[in-house]
Amino acid sequence: MARRSRIPETLFYQQPRSKLWPLAGVILVSALLVGAMELTIAAFSSVGLEGISQRNIYSMLISVGVITTVSSLLWAATNRLGISLALVASAMLFTLTLHIRKVQLIDRPLMPWDFLEWRHVTSLAPTLLPGGGAVAAIGSCLLLVAMLVVMARAVARGEPRHPLPRAGRRYLALASLAYLLVIIFQQHLPVRRVFNRFGIYHQVWDQRSNYQVNGLTLMMLWNWEGLRLTPGSEYSQKQVHAALGGSPGVAPTAPEEPVDIVVFMAESLWDPTQLGVPLSADPLPFVRSLMQRHTSGHLISPAFGGGTANAEFELLTGMSSAFAPEGSFPYQHYVLRPLDALPSLFRRAGYRTVAMHPFHAFYWSRDVVYPLLGFDAFQSLTDFPSPRLEGPWVSDEEVVDHILQELADERQPRFIMAVTMSTHGPYNLPLTGDEQIDVLGEKLSPDNRLLLKSYVHKLRQMDKAVERLVRQLETRKRKTLLVLFGDHLPMLGPDYSTYREAGFFKEPWTDAQRERMAEVPVVLWTNFPVPRQDLHMSISMLAPRILETAGLRPPGFFAFVSEMSKVLPVVRNDLVRNAEGAYLPVDSQTSGEPAPGSWEDWMRRYRLLTYDRLAGDNFSAVQAAGAVSVDAP
C-alpha cells in the first residue's frame, strides 16, 4: 500500500499553473536578443558604441515585441519553446553578421531583398574569400541543413517542456500575427499617427538613417512592404500625358546613314589621380586624351562600390532609381514586362541589339531583363570560352574582340552594350609582378597602397583595350559612336578607408561630398564630326544624348528627360541639384500641387512617369508609327 505524504498537496498547488507563464521569459529573452544585436552592430560600426544612442527607445520596444511575436508564432506552431527561441536567435545572428559585413564593405545596411538574390553570394564567394569561399559556402549550407534536421527530429520525437493547450496555441498565434500585421502595415493604419507622435518614422528615403533610428529589426520588417512604388500624385492616362507634355510619341526611325552604337560600361572606371596620391604613371592616358577632344565630363552614378545593375537601368531606360526604395534594384523587383529603352528603340529603328557581359547570365537577372528591354542577343560568360583573364575576371581585351566581331557584319546597324569585368574587385589579391604603376609616398597605409596599386594596374589594362577598340573603329567607313563611362567608384577598402586616408572623403556627409563620391568619367567618341560638349548629369539623363548623336529623335518620355536635364541635371536618391549648381532638399514636401515649371513639379512628373512605366499601365509607352493617341476621359 502506497504511503501517503504527510504534506497536503493543496498547501503548494492551490490552483493549476497557467500554461502561458513562460511568455514572460520569451519577452525577456527577446529584449536581450534585440539589445545584444544592436550593441554588436554598433560595436562594429565606424562610430562605435556611441551609435546606439541614436536609436529611438520606442522603436526598440516595438522591436522587442516583434521578436516576441515571431518566437510565439514558432512556439504555437511547434509547441517547442526552446527550439523556437533557438531558431529566432540563429536567424538574428545570421542577419546581423550579413548586415555588419555589408556595412563594412559598401556602407549600406542589409535590406530584405538582398536575401532574394542568393545566387550572387554563392557566385562571388570564391573571390570574397580567396581559396576558401566555396568551402565556406558549402560548409554553411550543410551546417544549416543539419541543424534543421536535428530540430525537426526533436519536434517529432521529443516531449515539450512547456506545452501549450490547443486553444492557447491558437489564440497565441492569432494575437502574434495581428501584432505583426499592425507593425508591418502601420503606414496605412491610424496607428501611424501614434507612432509619429513618438518619433517613429519609416524613413524609406534614407535607409542609413532609417536603420540608425529604428534599428535593424524594424527596418527589415518595414522594407518588405516598402518594395511598392507609388505615383506620388494623381495617376491616370490624362495625368501621364500631361506630365509628358503631350502624347507619348512614336518610335524613331534611323537616318539614311545609320550610326553604329557601342556602349562600353567599364566596371569601376574612375580617375584615381583625384585622390591626390602620387603615382609613377598615369593609368588612363588614352581615355584622358579622348576626353580632351570629344564630348565628355562626369556622370552621377546611383551606386558606390557595387550595384552596377542600377547604373545600367538608368542608362538604358532614362528612369532614375531614386524613385525606388533605397537599396532596391529595378532589374529584380520592377522590370517584369517589356519596356521602352534604348535597345528596344534602336531595334524598332532597324538595329540589331546585342548585350555583352563576361559573367553569369543570371547575375542581376540580366538573362530575364535584357529581352524585356529589347536586346536581341546576350553574350554572357558561356560565350567566352577559354578567355584571357585579368585576375579572376575575363579581360577587357576579350570584350573588345567580341565587339569588333559583332561590328564586322555591316548588313544591319548595331546597338551594342558591353559591361566589363576586368576592373572589378577584390583589389587585395596578391600582386602578379606585371604591375607597371607604383603608388608613391607614404600617404596611404601598406594595405591601402596594395589596393590602389592593384586597381590602377587594372585600369591601365582597360585603357589599353579601349585604345585598341578606338583604333579599329577609326578605320570604319560606317559612322560609329562609342559611349565610354564607369558604373560607379571602386570600393577601395571597407568604410572608404583609402578615400579617407587620402583626404578625398571627409565627414560629415554633405551634398557636395555625396556628388563627389558618385562622379564617374564619361566620353562620347565619334568617327564623324560632332560639336564637343561638357557633360555633368545623372546617368539617367544620358539616354537622350545617345539617341540625338545617333540621329534619332527622342520620343515622348526620352524627350521629357532631355528637357528635365536642362533644369535638374542631377537626380539621385540622396541628391538633387539644379542647373545653377544649387542643391535642393531631397525630401521636400509641398502643400498641394507644386507650381508648374518649378523644380518640385519636374520631380513630381518624373516620379509619376517612372511609376507609370514600372508599376502602372504604361500610358507613356512609345507608339508605333501612324498610331493615334487618345487620352482617357
Side-chain angles (χ1 to χ4, degrees), residues 108 110-120 187 202 204-205 207 210 220 222-233 235-237 239-240 243-244 248 301-303 306-345 355 357 361-375 378 417 419 487-488 538-543 556-558 560-561 564 571-574 603-622:
R108 289 180 188 158
L110 186 70
M111 305 302 294
W113 41 84
D114 291 331
F115 293 98
L116 302 178
E117 290 300 318
W118 58 270
R119 295 179 301 180
H120 293 185
Q187 296 183 89
H202 177 29
V204 68
W205 60 88
Q207 295 293 357
N210 202 12
M220 293 288 288
W222 282 340
N223 276 298
W224 279 112
E225 198 269 339
L227 282 174
R228 296 186 313 141
L229 292 179
T230 59
S233 59
Y235 177 70
S236 67
Q237 180 176 341
Q239 291 293 329
V240 168
L244 282 175
S301 172
T308 300
N310 278 356
E312 285 184 35
F313 168 78
E314 292 201 357
L315 171 84
L316 295 175
T317 67
M319 289 182 277
S320 174
S321 56
F323 301 121
E326 183 182 354
S328 65
F329 293 91
Y331 268 21
Q332 276 105 0
H333 306 134
Y334 308 115
V335 182
L336 306 174
R337 62 187 182 191
L339 284 177
D340 290 336
L342 285 180
S344 64
L345 293 178
H357 182 49
F362 64 75
Y363 212 70
W364 293 124
S365 301
R366 289 184 175 98
D367 54 346
V368 175
V369 171
Y370 279 169
L372 297 176
L373 297 182
F375 282 109
F378 176 24
M417 187 186 73
V419 181
D487 54 351
H488 51 68
S538 289
I539 291 179
S540 59
M541 308 291 181
L542 188 60
F557 174 74
F558 293 91
F560 164 82
V561 172
M564 181 170 179
V571 174
R572 224 175 87 117
N573 63 330
D574 58 356
M603 290 292 287
R604 178 196 66 81
R605 293 164 63 190
Y606 201 12
R607 177 186 291 275
L608 179 66
L609 293 172
T610 298
Y611 172 85
D612 173 66
R613 299 164 76 76
L614 290 181
D617 295 317
N618 209 10
F619 295 131
S620 58
V622 170

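No experiment lies behind these values; they were computed from the predicted model shown.
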Fill in: Residue list, ring-ring contact (aromatic ring centres under 6.0 Å, His included) with F619, at least two apart or on another chain
Y235
Worksheet item: Can you list the residues that meet the ring-ring contact (aromatic ring centres under 6.0 Å, His included) rule with Y370, with sequence neighbours excluded?
Response: F375, F378
Once you round to the nearest 0.5 Å, how far does [atom1] of [X] lie from [atom2] of [Y]?
{"X": "S320", "Y": "F313", "atom1": "OG", "atom2": "CZ", "answer": "8.0 Å"}
{"X": "T230", "Y": "R607", "atom1": "OG1", "atom2": "CZ", "answer": "5.0 Å"}
{"X": "L339", "Y": "L614", "atom1": "CG", "atom2": "CG", "answer": "6.0 Å"}
{"X": "Y331", "Y": "S321", "atom1": "OH", "atom2": "OG", "answer": "11.5 Å"}
{"X": "L315", "Y": "N310", "atom1": "CG", "atom2": "CG", "answer": "12.5 Å"}

Of all heavy-atom pairs between [X] and [Y], which one has the smallest distance, and what is that distance?
{"X": "V561", "Y": "S540", "value": "CG1-O, 3.6 Å"}
{"X": "A309", "Y": "F329", "value": "CB-CD2, 4.4 Å"}
{"X": "R366", "Y": "T308", "value": "NH2-CG2, 3.9 Å"}
{"X": "S301", "Y": "I539", "value": "CA-CD1, 3.8 Å"}
{"X": "T317", "Y": "L373", "value": "CG2-CD2, 4.1 Å"}
{"X": "A324", "Y": "Y334", "value": "CB-CE1, 3.8 Å"}

Item to complete: Would you verify whether the NZ or CZ of R613 falls within 45 degrees of the ring axis of F557 while also being under 6.0 Å from that six-membered ring's centre?
Response: yes
Practice prompt. Give the C-alpha distance, both sets of side-chain angles, the deciding distance and a yes or no for side-chain contact (heavy atoms from CB on, under 4.5 Å) between D487 and E312.
Written response: CA-CA 8 Å; D487 54 351; E312 285 184 35; over 6 Å; no
Can you tell if the side chain of [X] reaches within under 4.5 Å of the side chain of [Y], non-hydrogen atoms only?
{"X": "M417", "Y": "L342", "answer": "no"}
{"X": "M564", "Y": "R605", "answer": "no"}
{"X": "P248", "Y": "V622", "answer": "no"}

Strictly distance-based, threshold 3.5 Å: is any side-chain N or O of [X] a donor or acceptor partner for the main-chain N or O of [Y]?
{"X": "D612", "Y": "N618", "value": "yes"}
{"X": "H488", "Y": "A303", "value": "no"}
{"X": "S538", "Y": "M541", "value": "no"}

Kindly write out the residues that satisfy salt bridge (Lys or Arg N to Asp or Glu O under 4.0 Å) with [X], not counting sequence neighbours, or none if the list is empty.
{"X": "E314", "result": "none"}
{"X": "R572", "result": "D574"}
{"X": "D340", "result": "R348"}

Discussion item. Going by side chain to side chain donor-acceptor pair (under 3.5 Å), name the residues that satisfy it together with T610, two or more places apart in sequence or in a different chain.
Written reply: none
Worksheet item: Should the pair Y606 and F323 be assigned to parallel (<30°), tilted (30 to 60°) or perpendicular (>60°) ring geometry?
Response: perpendicular
